[in-house]
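Take a look at the structure set out below.
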Amino acid sequence: MPTSLFQLSRKKFMRAPQLEAKLAIKILMGFVVLYFGGSLLFAGIAVYPILSDLLPERDAISVINSVLVLIFILELIIRYFLQQLPVTEIKSFLLLSIPKKRIIRNVLFRSLLSVYNAIPVLFYLPISISMFQDDYALGQVIAWWVAVTAFSLCLNFISFLANKNNKALAGFVILIILLYLSESYMDFETLRAVGYFFDALIMQPLWVLVPLGIFVLLYQITFSFLKKNLNLEGALAAKKEVANAGRYDFLDVFGSHAFFLKNDLRLIVRNVRPKNIVLMSFLFLFYGLFFFTQDNQPESLLVFASIFISGGFLLTYGNYVPAWDSEYYAFLMTQNLSYKKYLDSKWRLMTFAVIVSTVLSLPYLYFGVKTYLMILSGAAFNIGLGTWITLYGGLLNKQPLKLNVKAKAFENTQAFSGKMMLMIFPKMVLPVLLYIIPATLFNPTAGYITLAASGVLGIVFKNQILTQMVKLFAKQKHEMLQAFTQK
Amino acid sequence: MITVNSLTKSYGEITVLNIDQLEIPKGQCFGLVGNNGAGKTTFFSLLLDLIKTSTGEIISNDIAVAQSEEWKSFTSAFIDDSFLIGYLTPEEYFYFVGELRGIDKAAVDLFLETYVDFFNDEILNQKKYLRDFSKGNQKKVGLIATFIGSPKVVILDEPFANLDPTTQIRLKQLIKAETEKRELTLLISSHDLNHVTDVCNRIVLLERGAVIMDKETTAKTLQELEDYFSA
């Protein structure tokens, strides 16, 4: 095993700025992993006996087989959005006498060490054991487990490819949509075929060679993809990117802050990472559809949805707010730009985004005026308090961001991560509390009024809050500068 | 203009800068020389409040830089390429700096016209983002941007490094012209003894954080520095 490359990864972690904070996050993540891992294990143990009891006329494993494809798709989506991929600084390795193959194998192997690959052990292994107790032959049980494990690990590589390569991503998405359409509208049994395949596999364990073959094939594809990208992509080739001349004059309504907002807009439009993340925040607009289309949803969940609809930008882009400027932070800190004006312009940027989202969410009027009033009260909270909470979190985040990542294949280009979800969590608790307490004491309307009023209060006391933020900002300045200059 | 009082900067046990007393009068072109690790960039970073002082203080135009942010209104600097915004075109960058210093677009355009020679047709109207320019051309942009809005104090860390010979010579002419035009306090660090003795009227030599030599530039200064560094 290429141990020296592992040592480098370890050193990178141990010597990173803000080691304590990172450790704390790791430990917190550890608990989250334990919780989900435990739930998964429990589900794996329970699902087989329960199915046997509920549907005695059918084979439990056959029922599981028939829904496996859905589990795989769900797993793929979760992996795509949340699984962190290993990052390697290739630049310094390229000239050393380390075979390229070894670097790539190291990256791929590290991707297999991810906690997400514990799913086969936690979920599928207990099912296999139940199968064995249910008088299936050892060969059948092993073949079944190896096959699902191979598929699960295939998903590891598929999410790897989809994360690194937009064409691959588009390909996989189209494939899944086509399979779904052919299944539901054209009467082909494409998705169900996966279930039939696993049924057949139990009859004839030799079929296990197929998933193993796919696994090896995907490994090879990922390997050759990385090999092709194992150079300083584009760094030596001539640049053809032509600057776009967007002037964004419509922002002039913001007066003396306009030029700063224009700059933030340019940052978003012209850099790979912020662009992806902002596109992602549009998806939050549709979040409400999950909740408002169903009857009898608890109101506290609807509050949750309302906050998400107008706050997508805060939750995705906002979280990293000063860090987006990390590449030229020293410049900003020496320019004729007071901390107050800087923070104020960031607040305006986020407020602007919330207002845009709220306007874009007008179609929710379809679900009734009450629904839209909920969204409006959520938006008021987001403008008055959500923005400040986000900014506060952002000031504590001292991870520099590379805006326009060139060597994509080996760097972290993901817009979202499990850690970020953790950072979002406290932001979601407060509004729900603001709603629930008055709503249970009086009535739901009181809840919405409190939520909206908290936002209005935030706007009224904006200057006081801003002054406090400036103090925090000035205190953090040197530490941030130091962290942002670390590569 | 700038007064330094018993300034030290240490990281743990190691003191990287220790300047007891230093006075830089208005309008002086102040040259800082010294080998790597002498503390030149540390000194400039302290001047710009980019790092915290361990002891002592720096007063710039009656303002303690670590206490108030007022110094930002009359100071500008170019330390390294983190002073550029990669996703802007040079024009947008100049306008951005101009806006921050209260100079409108038309005035910036007028300002840029005087530097057409310095840019040598490689900077303006290129329809390229700064991140796609070569190191040397990026530096040209950063250097010129420091002069927008006629700041009273300009700090340039190694302005000659990475520039082609023609531009180095033009930069020297430009610095001389700027310092003659108005009362500009200019702080330069450089490894190029030739250039720095040519443009600066005072040279301070740092070694391991301490001032070893502090002299008005004369015809002999270059020779003295060369003797020192070859010893």
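Letters A, B, ... mirror the listed sequences (proteins, then strands); counts begin at 1.
- Interface remark: B:Y93 contributes side-chain atoms only to the contact with chain A (heavy atom separation under 4.5 Å).
- If you measure heavy-atom distances from B:L88 to chain A, the contacts under 4.5 Å come from both the backbone and the side chain.
- For a residue to count as touching a neighbouring chain, one of its non-hydrogen atoms must lie under 4.5 Å from one of that chain's; by this rule A:K477 touches chain B with the side chain only.
- Counting heavy-atom pairs closer than 4.5 Å to chain A, the top residue among B:L84, B:T75, B:D49 is B:D49.
- Considering only heavy atoms from C-beta on, B:L186 comes within 4.5 Å of B:L156 through its side chain.
- Residues B:W71 and B:L48 form a side-chain contact, since some pair of their non-hydrogen atoms from C-beta on lies under 4.5 Å apart.
- If you measure heavy-atom distances from A:E327 to chain B, the contacts under 4.5 Å come from the backbone alone.
- A salt bridge does not link B:R170 to B:D117: none of the charged nitrogens lies less than 4.0 Å from a carboxylate oxygen.
- The shortest distance between side-chain heavy atoms of A:S326 and A:Y320 does not fall below 4.5 Å.
- With contacts defined as side-chain heavy-atom distances shorter than 4.5 Å, the pair B:D81/A:Y328 does not qualify.
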